[in-house]
Amino acid sequence: MDIGEDRVIALVDMDCFYVQVEQRINPELKNKPCVVAQYKTWKGGGIIAVSYEARAHGVSRNMWADDARKLCPDLQVARVREAHGKADLTPYREASVEVIEVMSRFAVIERASIDEAYMDLTGSVQDRLKHMSVQDITPQQLKSTYTQGFPQTSTSDPSEDARRLRGLQQWLERLSSSGQSSRAELCLTVGALIVEEMRAAVEEHTGFRCSAGISHNKVLAKLACGLNKPNHQTVLPLGSVPELFSTLPIRKIRNLGGKLGTSVKETLGVENIGDLTQFSKVQLEQHFGEKTG
DNA sequence: CATTACATTCCA
DNA sequence: TGGAATGTA
Ligand SMILES: Nc1ncnc2c1ncn2[C@H]1C[C@H](O)[C@@H](COP(=O)(O)OP(=O)(O)OP(=O)(O)O)O1
Ligand SMILES: [Mn+2]
Ligand SMILES: [Mn+2]
């Protein structure tokens, strides 16, 4: 049977990347509400990257720096350097190369943008599984991993990380008690081990933090990556997809953020990705090659 | 007044 | 085959 996909795919995306690059150049900016803006003259410049401290004040991309300062009075504004009257993105490009070089020691990397890359870990996972089993996996090896859909029960936890850990423990317990049927889930978990090591190496060698998603295809990996930013990674097993999709706006799926997504929504009269499962493949709008549901 | 950059697909 | 449209970072 060829139901889901058996591959293990990861997507690693740097957290507020240009901000981290500027913070490494000027350490005074670290741990502060901070943005990167370009073109100073008009309203203080347009913001293209925002630290998580600044996001807590409501600052976002596309804002003018002058407007952002109204929301966050002690906002630090780093500026994109200019060369020949044009924005000079060289420092960010070079930082990107540093990151890719570290990641390439772990897997074959497919660069998807200046701050993110996909990788197929299927082979590496199979190799590791020859020398290990479920019992060898501990929560300590997955310190920054969320397992989407877990914990399944809702008790009150003392902290967000306690909740994460409870979910992870439930997940590992289920893995070891459900025999062979959860081979795909085991592969994702081993993939998460590899990605934990990769992300630690990236931080050690570049100083930059990132988040990651681990799932069975690129669309799901990208989606998973965004679920627990910053500085965390998320495993998205196939079994957790229906619940996630049931409340997920169509525009959140890669390639459906624009006019196509809006037209799908309006033509079929649906809001969430999960609503699309009631339609068959026959009703493809001469524009679909990629899906997941 | 967003800006800059890049990939893919469509189509004359 | 190259410019326009689309989508994303
Ligand atoms: N519209 C844009 N115009 C110019 N530069 C952009 C734009 N969007 C993103 N960038 C640049 C700045 C970002 O730091 C970098 C990576 O983008 P992206 O991954 O979407 O956000 P981010 O890394 O700043 O935050 P996050 O933590 O949410 O990933 O690319
Ligand atoms: Mn990013
Ligand atoms: Mn990105």
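The chains referred to below are lettered A, B, ... by the order of the sequence lines, with proteins before strands, and numbering in each begins at 1. Side chains are part of it too, since the values below use all heavy atoms of this structure and drop only hydrogens, waters and symmetry mates.
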>> Please classify the nucleic acid contact of Ile47(A) as base, sugar-phosphate, or nothing, using heavy-atom distances under 4.0 Å.
In response: base
>> Whole angstroms only, please: what is the CD-P distance between Glu110(A) and dA9(C)?
In response: 14 Å
> Counting only side-chain N and O atoms of Lys259(A), is one of them less than 4.0 Å from OP1 or OP2 of dT9(B)?
Replying inline: no
>> By nearest atom, which of the nucleotides dA9(C), dC1(B), dT4(B) is closest to the Trp64(A) side chain?
In response: dC1(B)
> Just how far, in rounded Å, is P of dC1(B) from CE of Met63(A)?
Replying inline: 18 Å
> For dT4(B), does either OP1 or OP2 sit under 4.0 Å from a side-chain N or O belonging to Tyr92(A)?
Replying inline: no
>> Whether Lys265(A) and Glu271(A) form a salt bridge (side-chain N of Lys/Arg under 4.0 Å from carboxylate O of Asp/Glu) is what I want to check.
In response: yes
> Glu82(A) CD to dT4(B) P: how many Å, rounded?
Replying inline: 9 Å
> From the list dA9(C), dT3(B), dG7(C), which nucleotide is the closest neighbour of the side chain of Asn255(A)?
Replying inline: dG7(C)
> Hey, what do you get for CG (Leu248(A)) to CG (Leu223(A)), rounding to the nearest 0.5 Å?
Replying inline: 5.5 Å
> Rounded to whole angstrom units, what separation is found between the CZ atom of Arg81(A) and the C1' atom of dT4(B)?
Replying inline: 16 Å
>> If the test is side chain to side chain donor-acceptor pair (under 3.5 Å), which one of Gln233(A), His232(A), Glu160(A), Arg163(A) qualifies with Tyr146(A)?
In response: Glu160(A)
> dC6(B) phosphate, OP1 or OP2: any side-chain N/O from Arg93(A) under 4.0 angstrom?
Replying inline: yes
> Between Leu260(A) (CG) and dG7(C) (P), how many Å, whole number?
Replying inline: 6 Å
>> I need the full list of ring pair (Phe, Tyr, Trp, His ring centres under 6.0 Å) pairs touching residues 162-209 of chain A, with sequence neighbours left out, sorted by first then second residue.
In response: Phe17(A)-Phe208(A), Phe150(A)-Trp171(A)
> Salt-bridged, Asp13(A) to Lys222(A), with N to O below 4.0 Å?
Replying inline: yes
>> Check Lys43(A) with Asp67(A), please: is the shortest side-chain N to carboxylate O separation under 4.0 Å?
In response: no
> Do the charged groups of Glu94(A) and Arg24(A) touch, with an N to O distance under 4.0 Å?
Replying inline: no
> Closest to the Asp115(A) side chain: dC6(B), dA9(C), dG7(C)?
Replying inline: dA9(C)
>> Using a 3.5 Å limit on both distances, find every run of at least three consecutive Watson-Crick or G-U pairs that involves DNA chain B.
In response: B:4-12 with C:1-9
>> Among dA5(B), dT3(B), dG7(C), which nucleotide has an atom closest to any side-chain atom of Lys86(A)?
In response: dA5(B)
>> Ignoring hydrogens, what is the shortest heavy-atom contact between Leu256(A) and Ile250(A)? Give both atom names and the distance.
In response: CB-O, 3.5 Å
> Between atom OH in Tyr18(A) and atom P in dA9(C), what is the gap in whole Å?
Replying inline: 12 Å
>> Counting the atoms with a prime plus P, OP1 and OP2 as sugar-phosphate, which does Leu89(A) contact under 4.0 Å by heavy atoms, base, sugar-phosphate, or nothing?
In response: sugar-phosphate
>> Closest approach to the side chain of Gln38(A), judged atom by atom: which nucleotide of dA5(B), dT3(B), dG7(C) is it?
In response: dT3(B)
>> Between P on dG7(C) and NZ on Lys252(A), what's the gap in Å once rounded to a whole number?
In response: 16 Å
> Could you give the CZ-to-P distance, from Arg111(A) to dA9(C), as a whole number of Å?
Replying inline: 13 Å
> What nucleotide, of dT4(B), dC1(B), dG7(C), holds the atom closest to the side chain of Trp42(A)?
Replying inline: dC1(B)
